[in-house]
**Student:** 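Can you read through this structure? Questions will come right after.
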Amino acid sequence: MDDQIGRFTQVITAQLKQSGHGSAHDSTKKIKLIIHVGTPKTGTTSVQTYLSKKQRKLRTKGILYPHNLEVSNNPGAPTHHWFEKNLVSTHVDNFIANVSNVITQIKSETHTVILSSEGIYNYWWDFPEASKDLLGELAKLFDVKLWVWFREPVSFMQSYYKQCIRNPKVASNPCYGKDLSFNDMLDIPWFAQHLDYQGFVTQARMIFGENSVSAFEYKGDIVKQVSTLLGLATAHDNPTPRQNTSLNQASITLLRAINHYDVKAKDKELLMPLIKDINSIMDRYTNQCVTDETAKQRVLSLVNPVTFSRTHL
């Protein structure tokens, strides 16, 4: 594995040098790499849609929001899921190919690259040590800054629970597509560990540097916050509409019934538009919460709160 990581460093160093950027000995020549890592259910899809639509404007300011490889499953998607997918499996060759693809899009005037995927936080605890070593090498080649938004823990875990129920089953995941109550899911360490806010920040700072992680409080319109941080905000900006609609209790009940069966991912995908229609209608009749007071107190006892950053860099 050390040989593979060494090859990553060698290949990417050569490409950055060819592009006129990057030096392990001169930080002023390094490209700034902003990695927006989520968390899930904090408007990440809205941010990605916004940044994708603003690619041309960003380029005029020296900021690159890169396209994905054409050979990827969904090259037009505005998210960079390749980042965590290749780290979970420590697939160094694919990681090299994707980072190389980003570098090919860097121009002489580019000073900042932005990558965005809520899956980075989602799967952070699943990354093997070798993948974290790979991230350490990335930090030597780029001036890495992590941006992460944290939501109030009870509302976060309620929304994240709904997303897990909504997702198709994955053999390696103990929560996706399962017929589980909120309390049942809290019993699963993989689910509960997402409340370790400060633990994530501490680990990320150990890899990327003490001043590398900016932790923000999620207040609803993350797009406005991001546009302000990037210097794109104007007085005429309107709040960005939500890209994902929350599921009500009636829809959760239906999804749990579906999850009780061994439904294939492609079939669940076919069912989701129907669930969304039902969700829209049933919004008139139900406002039940997926948690009771006992569950809320349990979440608050499990959370490891974080100190929010005062500045963005």
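Side-chain atoms are counted along with the backbone in the values below, which use heavy atoms only and exclude waters and symmetry mates.
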**Student:** For Met272, does the CE atom sit with more than 12 other heavy atoms under 6.0 Å from it, leaving out its own atoms?
**Tutor:**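 Buried by this count: over 12 neighbours within 6.0 Å.
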
**Student:** Any side-chain to backbone donor/acceptor pair from Arg205 onto Val213? Under 3.5 Å, distance only.
**Tutor:**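 Present.
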
**Student:** What pairs with Asp267 under salt bridge (Lys or Arg N to Asp or Glu O under 4.0 Å), at least two apart in sequence or on another chain?
**Tutor:**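 Partners of Asp267 by the salt bridge (Lys or Arg N to Asp or Glu O under 4.0 Å) criterion come out as none, since no residue qualifies.
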
**Student:** Testing the basics here: between Ile114 and Pro66, what is the closest heavy-atom pair and its distance to 0.1 Å?
**Tutor:**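 For Ile114 and Pro66, the tightest heavy-atom pair comes out as O-CD, 3.2 Å.
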
**Student:** Determine whether the side chains of Trp82 and Asn101 contain a donor N or O and an acceptor N or O closer than 3.5 Å.
**Tutor:**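 Judged by distance alone, the side chains do not pair up.
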
**Student:** Using a 3.5 Å distance criterion without hydrogens, assess whether the side chain of His194 forms a donor-acceptor pair with backbone atoms of Trp190.
**Tutor:**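 Checked: pair present.
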
**Student:** Strictly distance-based, threshold 3.5 Å: is any side-chain N or O of Tyr161 a donor or acceptor partner for the main-chain N or O of Leu180?
**Tutor:**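 Present.
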
**Student:** Using modelled atom types only, decide if a donor and an acceptor are shared between the side chain of Thr110 and the backbone of Thr112 within a distance under 3.5 Å.
**Tutor:**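 Flag not set: sc Thr110 to bb Thr112 has no pair under 3.5 Å.
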
**Student:** Applying ring-ring contact (aromatic ring centres under 6.0 Å, His included) as the test, list every pair that has at least one member in residues 55-77; sequence neighbours left out.
**Tutor:**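 Sorted result for residues 55-77: Tyr65-His80.
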
**Student:** Minimum heavy-atom separation for Ser117 and His81, please, with both atom names.
**Tutor:**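 Heavy-atom minimum between the residues: OG-ND1, 2.9 Å.
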
**Student:** Checking Ser159 against Arg151: is there a side-chain donor and acceptor pair closer than 3.5 Å?
**Tutor:**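 Yes, Ser159 and Arg151 have a side-chain donor paired with an acceptor closer than 3.5 Å.
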
**Student:** For a quick check under 3.5 Å, do Asn259 and Lys268 share a side-chain donor-acceptor pair by atom type?
**Tutor:**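 Short answer, yes.
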
**Student:** Taking the side chain as C-beta and beyond, is there a heavy-atom pair between Ile106 and Val113 under 4.5 Å?
**Tutor:**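 Yes, close enough: below the 4.5 Å cut-off.
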
**Student:** Salt bridge check: are Arg7 and Asp93 linked by an N-O gap of less than 4.0 Å?
**Tutor:**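 Asp93 and Arg7: salt-bridged.
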
**Student:** Check whether any side-chain heavy atom of Ile252 sits under 4.5 Å from a side-chain heavy atom of Arg166, and report yes or no.
**Tutor:**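 Contact flag for Ile252/Arg166 side chains = no.
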
**Student:** Return yes if some donor-acceptor pair links the side-chain N/O of Thr42 with the main-chain N/O of Phe150 below 3.5 Å, else return no.
**Tutor:**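 Pair absent, no side-chain N/O of Thr42 close to backbone of Phe150.
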
**Student:** Do Val47 and His36 pass the side-chain contact (heavy atoms from CB on, under 4.5 Å) test, and can you show the C-alpha distance, the side-chain angles, and the key distance before you say yes or no?
**Tutor:** CA-CA 9 Å; Val47 169; His36 170 218; 4.0 Å; yes

**Student:** Run the side-chain contact (heavy atoms from CB on, under 4.5 Å) test on Thr291 and Val299 for me, step by step, so that the C-alpha distance in whole Å, both residues' side-chain angles and the decisive distance to 0.1 Å come before the verdict.
**Tutor:** CA-CA 10 Å; Thr291 57; Val299 169; 5.8 Å; no

**Student:** When hydrophobic residues are tied together by side-chain contacts of less than 4.5 Å, even through go-betweens, does Tyr261 share a cluster with Ile258?
**Tutor:**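 Same hydrophobic cluster.
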
**Student:** Answer yes or no: is there a donor N or O on one side and an acceptor on the other, between the side chain of Ser251 and the main chain of Leu247, under 3.5 Å?
**Tutor:**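 Not a single qualifying donor-acceptor pair exists.
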
**Student:** Answer yes or no: does atom CD of Glu269 have more than 12 heavy-atom neighbours from other residues, nucleotides or ligands under 6.0 Å?
**Tutor:**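 No, CD of Glu269 has 12 or fewer neighbouring heavy atoms, counting only those of other groups under 6.0 Å.
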
**Student:** Strictly under 6.0 Å, is that where the ring centroids of Phe83 and Phe95 end up?
**Tutor:**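 Yes, the ring of Phe83 comes within the 6.0 Å limit of the ring of Phe95, centre to centre.
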
**Student:** Ser212: which residues meet the side-chain hydrogen bond (donor to acceptor under 3.5 Å, both in side chains) condition with it, sequence neighbours left out?
**Tutor:**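 Result, side-chain hydrogen bond (donor to acceptor under 3.5 Å, both in side chains) vs Ser212: none returned.
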
**Student:** So does Leu87 get a backbone contact from the side chain of Ser131, meaning a donor-acceptor N/O pair under 3.5 Å?
**Tutor:**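 It does hold such a pair.
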
**Student:** Given 3.5 Å as the limit, does a donor-acceptor pair link the side chain of Thr79 with the main chain of Ser116, or not?
**Tutor:**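 Confirmed, Thr79 side chain pairs with Ser116 backbone.
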
**Student:** Using side-chain heavy atoms (C-beta onward) and a distance below 4.5 Å, is Thr90 in contact with Leu134?
**Tutor:**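 Contact flag for Thr90/Leu134 side chains = no.
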
**Student:** Is there a continuous path of hydrophobic side-chain contacts, each under 4.5 Å between heavy atoms, that joins Met282 to Leu271?
**Tutor:**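 Same cluster.
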
**Student:** Can you name the nearest heavy-atom pair linking Leu186 to Met157, along with the distance?
**Tutor:**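 It is CD2-CE, 4.1 Å.
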
**Student:** Going by atom types only, do Gln163 and Asn167 share a side-chain donor-acceptor pair under 3.5 Å?
**Tutor:**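 Yes - a donor-acceptor pair under 3.5 Å links their side chains.
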
**Student:** Check whether any side-chain N or O of Asn248 sits under 3.5 Å from a backbone N or O of Asn279 as a donor-acceptor pair, and report yes or no.
**Tutor:**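 Such a contact is found between Asn248 side chain and Asn279 backbone.
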
**Student:** Does Arg298 come within less than 4.0 Å of Asp187, counting only side-chain N to carboxylate O?
**Tutor:**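 Yes, Arg298 and Asp187 are salt-bridged.
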
**Student:** Find out whether Lys57 and Leu232 are in side-chain contact, i.e. whether some heavy atom of one side chain is under 4.5 Å from a heavy atom of the other.
**Tutor:**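 They are in side-chain contact.
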
**Student:** Between Phe142 and Phe208, does the side-chain contact (heavy atoms from CB on, under 4.5 Å) criterion hold? Intermediate values first, please.
**Tutor:** CA-CA 10 Å; Phe142 295 86; Phe208 296 110; over 6 Å; no

**Student:** Just wondering, do Leu230 and Thr228 contact through their side chains at under 4.5 Å, heavy atoms?
**Tutor:**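 When only atoms from C-beta onward are counted, Leu230 and Thr228 do not touch, as no gap falls below 4.5 Å.
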
**Student:** Can Met185 and Ile165 be said to form a side-chain contact (heavy atoms from CB on, under 4.5 Å), step by step?
**Tutor:** CA-CA 10 Å; Met185 207 171 282; Ile165 292 292; 4.0 Å; yes

**Student:** What about the rings of Phe156 and Tyr218, do their centers lie closer together than 6.0 Å?
**Tutor:**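 No, they do not, as the ring centres are separated by 6.0 Å or more.
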
**Student:** Is it possible for you to say whether Met206 and Val201 belong to one hydrophobic cluster, with membership spreading through side-chain heavy-atom contacts below 4.5 Å?
**Tutor:**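 No: no chain of side-chain contacts under 4.5 Å links Met206 to Val201.
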
**Student:** Can you see which heavy atom on Ser100 is nearest to which on Gln15, and at what distance?
**Tutor:**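 It is OG-OE1, 2.7 Å.
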
**Student:** So, does Thr9 use its side chain to make a donor-acceptor pair with the main chain of Ile5 at under 3.5 Å?
**Tutor:**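 Confirmed, Thr9 side chain pairs with Ile5 backbone.
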
**Student:** Would a hydrophobic clustering, with Ile, Leu, Val, Met, Phe, Trp and Tyr connected at side-chain separations under 4.5 Å, put Phe308 with Val303?
**Tutor:**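 Same cluster.
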
**Student:** Might you point out which heavy atoms bring Tyr176 and Pro168 nearest each other, and give the distance in Å?
**Tutor:**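 That would be CB-O, 3.4 Å.
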
**Student:** Relative to each other, are the rings of Phe200 and Trp124 parallel, tilted or perpendicular (30° and 60° limits)?
**Tutor:**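 Phe200 and Trp124: perpendicular rings.
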
**Student:** Verify the cluster assignment for Trp125 and Ile207: are they in a single hydrophobic cluster under the rule of side-chain heavy atoms below 4.5 Å apart?
**Tutor:**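 Same cluster: Trp125 reaches Ile207 through Ile, Leu, Val, Met, Phe, Trp or Tyr contacts under 4.5 Å.
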
**Student:** Any chance the side chains of Thr44 and Gln48 put a donor and an acceptor closer than 3.5 Å?
**Tutor:**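 There is no such pair (donor and acceptor under 3.5 Å, judged by atom type) between the side chains of Thr44 and Gln48.
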
**Student:** Looking at every heavy atom in both Leu302 and Ala192, which two are closest together, and how far apart are they?
**Tutor:**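 Of all heavy-atom pairs spanning Leu302 and Ala192, the closest is CD1-CB, 4.4 Å.
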
**Student:** Using only heavy-atom distances, determine whether the side chains of Thr13 and Gln10 contain a donor-acceptor pair under 3.5 Å.
**Tutor:**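 Absent: no donor and acceptor within the cut-off.
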
**Student:** Would you say the side chains of Ser280 and Asp277 form a donor-acceptor pair under 3.5 Å?
**Tutor:**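 No, no side-chain donor-acceptor contact under 3.5 Å.
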
**Student:** Does the side chain of Lys132 come under 3.5 Å of the side chain of Gln203 through a donor N or O and an acceptor N or O?
**Tutor:**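 Judged by distance alone, the side chains do pair up.
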
**Student:** Taking atom NZ of Lys169 as the centre, does the number of heavy atoms from other residues, nucleotides or ligands within less than 6.0 Å exceed 12?
**Tutor:**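 Buried by this count: over 12 neighbours within 6.0 Å.
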
